[in-house]
2 protein chains.
Amino acid sequence: MNYDVDWAKEHLNEHSIKPSTIRIKILQYLMDNRIHPTVEEIYKKLVYEIPTLSKTSVYNTLELFLENGIVQLVNTNEKESRYDIDTSFHGHFKCEKCGKVYDFNITAEELGEDNLKDFCIKDRKIYYEGICKYCLENR
Amino acid sequence: MNYDVDWAKEHLNEHSIKPSTIRIKILQYLMDNRIHPTVEEIYKKLVYEIPTLSKTSVYNTLELFLENGIVQLVNTNEKESRYDIDTSFHGHFKCEKCGKVYDFNITAEELGEDNLKDFCIKDRKIYYEGICKYCLENR
DNA sequence: CTAAATGCAAACGGTTTGCAATGCT
DNA sequence: AGCATTGCAAACCGTTTGCATTTAG
């Protein structure tokens, strides 16, 4: 646990979210596990520490985090939603072998966006699929 | 109807798919309506022409088209899947007002993809959200 | 004490599945 | 006849909802 309770409280306050035990735990989990987890993964991990935890609360908390810009959705082609604590602009790569989702930087200064001249762009998602370096090595 | 039955049969054959009435109709629909439709939209439209049509068959057919590279999935953040008959590399923009999904060209010759040096990239999806030109004008 | 946060169970909705009915050669 | 295609109904599963219970200031 690298991000302590005080840090989490402060971070939540900065985003106008009232800190609660669950919110703090989920925030800490997201900071310490940069794996773009699903609700299921977060729940399974945290229910050991908080035995009364419900999935509904995990859903509620992530929805709250989304609305307040603490997390962003990763748009994989999976049916389960994945959440990313890093809200900066970057790409996601999902390995079809191991299922891991990697972050990567987009270095193109500017994506030429033909046909979108007069459009108001609010969000850009970059999502790749393939086989990661480590799965390629171990075959 | 700009794409006739003979064209559709030929196209299906080229992709190793045995033509059937439903497959031909769905292919024609996709060619004539470049709106990245959902299963629901395809079903609602075609059930008038094919009263016995079931959603299952629409699902089956699209799955078959996906496997054989006739369509690609559009990875919107919606829960319903959208299908694109244009399998070339291009971006998708979804307007949050009218819900339309627009195609756009990516003109950057090459996206700099840091961290993916030794990864095998099989698919790239570019997805934007915002407000389209026409919804911006009419307000 | 009061309002917010949490949890339970049921409902929801898109998709999938098993299998029977139908169609095609 | 024999195999592929289609359709129906139920199951599936991630998510949402309504509401009762608990928690915190």
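Treat the numbers as computed from the prediction; the structure is a model and nothing was measured. Residue numbers begin at 1 in each chain, while the letters A, B, ... track the order of the sequences. The basis for the numbers below is simple: all heavy atoms, side chains too, and nothing from hydrogens, waters or symmetry mates.
Glu41(B) and Tyr43(B) form no side-chain donor-acceptor contact under 3.5 Å, judged by distance and modelled atom types alone.
Under the 4.5 Å side-chain criterion, counting only non-hydrogen atoms from C-beta, Thr76(A) is not in contact with His92(A).
Nucleotide dG25(D) holds its P atom 12 Å from the CG atom of Asn13(A), rounded to whole Å. At whole-Å resolution of the value, CD1 in Ile17(B) and C1' in dT6(D) are 16 Å apart. Atom CG of Asn77(A) is separated from atom P of dG14(D) by 16 Å (rounded to the nearest Å). Spacing between atom NZ of Lys18(B) and atom C1' of dC3(D) amounts to 8 Å, rounded to whole angstrom units. Taking atom CG on Leu53(A) and atom P on dT23(D), their separation rounds to 14 Å, with Å as the unit. In this structure, the CG atom of Leu66(A) is 12 Å from the P atom of dT15(D), given to the nearest Å. Regarding Tyr43(A), its OH atom lies at a distance of 17 Å from the P atom of dC13(D), rounded to whole Å. Atom CG of Leu62(A) is separated from atom P of dG14(D) by 15 Å (rounded to the nearest Å).
Contacts between chain A and DNA chain C, taken as any atom within less than 4.0 angstrom of a protein heavy atom, begin and end at dA4(C) to dA9(C).
At a threshold of 4.0 Å, the pair Glu14(A)-Lys9(A) does not count as salt-bridged, since none of the basic side-chain nitrogens sits closer than that to a carboxylate oxygen.
At least one side-chain nitrogen or oxygen of Ser54(B) sits closer than 4.0 Å to the OP1 or OP2 atom of dG7(D). Tyr59(A) has no side-chain polar atom (N or O) that falls below the 4.0 Å cut-off from OP1 or OP2 of dT16(D).
In this structure, CG on Asp84(B) lies 13.0 Å from CD1 on Ile70(B), to the nearest 0.5 angstrom.
As judged by a 4.0 angstrom heavy-atom cut-off over every strand, Thr56(B) is placed among the base-contacting residues. Across all strands, Ser81(A) comes closer than 4.0 Å only to sugar-phosphate atoms, never to a base (heavy-atom distances). Within 4.0 Å (heavy atoms only), Lys55(A) reaches no atom of the nucleic acid at all. Within the 4.0 angstrom heavy-atom criterion, only backbone atoms of the sugar-phosphate kind lie near Thr52(B); the bases stay farther away.
Minimum interatomic distance between Leu73(A) and Lys125(A) (heavy atoms only, all atoms of both residues): O-NZ, 2.7 Å.
Sequence order on DNA chain D of the closest nucleotides to Thr21(B) and Lys79(B) puts Thr21(B) first from the 5' end. Nearer to the 5' terminus of DNA chain C, by closest-nucleotide assignment, is the contact made by Glu80(B) (compared with the other of Glu80(B) and Asn60(B)).
Ring geometry for Phe104(A) against Tyr128(A) counts as tilted: the plane angle lies between 30° and 60°, on a 0 to 90° scale.
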Exercise for review: List the steps, then state whether side-chain hydrogen bond (donor to acceptor under 3.5 Å, both in side chains) holds for Asp103(B) with His90(B).
Suggested key: CA-CA 7 Å; Asp103(B) 290 322; His90(B) 61 278; 3.0 Å; yes
